[in-house]
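Not measured: the values here are computed from a predicted model.
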Amino acid sequence: MELTHVVAAIITKDNKFFIAKRAKGKHLEGMYEFPGGKLLKKETHIDGLKREIKEELNIEIEIKDKVGEENFKDDIINVKIHYYICIHKNGKLTLNEHQDSAWVTKEEFKNYEFAEGDKDIISLL
């Protein structure tokens with residue numbers, strides 16, 4: 001199975017982090033994640049992350065720093081997820097691809113079930 005590169009936005013505001021619940025019918029449905037998605041061919045991480053967040057949340061972000069990357073493979077996917085700290089620049093947040101979302105503190109992460117990869121990166125925040 002070919003490795004797919006994925007970018008994810010760890011969007012912060014007022015010492016909280018934005019998390020989104022994966023939609024019904026999607027792989028890992030019902031689990032929380034940091035939003036993002038697959039890179040297109042020849043697309044940079046920055047361009048891909050801005051595009052994905054605009055598509056998924058209808059907002060523009062400012063990308064600050066890369067905080068890490070995680071590999072995850074199961075029977076369906078083989079991904080390397082690249083995580084970036086971001087801030088909400090403008091736009092009204094709209095869930096176009098998720099069934100729920102929350103702004104949570106680091107301490108509240110334990111109250112949510114995260115998709116593989118995303119739950120591993122939490123320790124770096």
Step through the shown structure and confirm whether more than 12 heavy atoms of other residues, nucleotides or ligands are within 6.0 Å of [atom1] on [X].
X      : atom1 : answer
Lys106 : NZ    : no
Asn15  : CG    : no
Lys38  : NZ    : no
Asn111 : CG    : yes

Check your understanding: Would you say the side-chain atoms of Glu62 pair up with the backbone N or O of His88, donor to acceptor, closer than 3.5 Å?
Key -> no
Spacing of [atom1] belonging to [X] relative to [atom2] belonging to [Y], to within rounding of 0.5 Å:
X     : Y     : atom1 : atom2 : value
Glu97 : Glu52 : CD    : CD    : 7.0 Å
His5  : His82 : NE2   : NE2   : 5.0 Å
Ile61 : Ile85 : CD1   : CD1   : 11.0 Å
Glu60 : Lys54 : CD    : NZ    : 5.0 Å
His45 : Leu39 : NE2   : CG    : 5.0 Å
Tyr84 : Ile11 : OH    : CD1   : 14.5 Å

Practice item. Evaluate the criterion side-chain contact (heavy atoms from CB on, under 4.5 Å) for residue pair Asp120 and Phe114; output intermediate values, then yes/no. Key: CA-CA 9 Å; Asp120 296 329; Phe114 280 86; over 6 Å; no
When hydrophobic residues are tied together by side-chain contacts of less than 4.5 Å, even through go-betweens, does [X] share a cluster with [Y]?
X      : Y     : result
Leu93  : Leu49 : yes
Phe34  : Ile81 : yes
Phe109 : Phe72 : yes
Val6   : Leu40 : no
Ile19  : Ile87 : no

Can you name the closest pair of heavy atoms from [X] and [Y] and give their distance?
X     : Y     : value
Val79 : Leu3  : C-CD1, 3.6 Å
His27 : Arg22 : O-NE, 2.6 Å
Asn78 : Met1  : ND2-O, 3.1 Å

Any heavy-atom pair between the side chains of [Y] and [X] that's under 4.5 Å?
X      : Y      : result
Thr4   : Ile77  : no
Val104 : Tyr32  : no
Lys16  : Thr105 : yes

Side chain to side chain donor-acceptor pair (under 3.5 Å) with His98: of Lys26, Glu33, Lys21, only one passes, and it is Glu33
- Task: Output, in order, the C-alpha distance, side-chain angles, deciding distance and verdict of side-chain contact (heavy atoms from CB on, under 4.5 Å) for Asp14 and Trp103.
- Result: CA-CA 9 Å; Asp14 301 328; Trp103 287 95; over 6 Å; no
Do you know which of Glu70, Glu2, Glu69 makes salt bridge (Lys or Arg N to Asp or Glu O under 4.0 Å) with Lys80?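 Considering Glu70, Glu2, Glu69, a salt bridge (Lys or Arg N to Asp or Glu O under 4.0 Å) with Lys80 is found only for Glu69.
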Exactly one candidate in Ile63, Ile53, Ile59 meets side chain to side chain contact (heavy atoms under 4.5 Å, CB included) with Cys86; the answer is Ile63
Of Leu125, Ile122, Asp118, Asp65, which meets side chain to side chain contact (heavy atoms under 4.5 Å, CB included) against Ile10?
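Single pass found, and it is Leu125.
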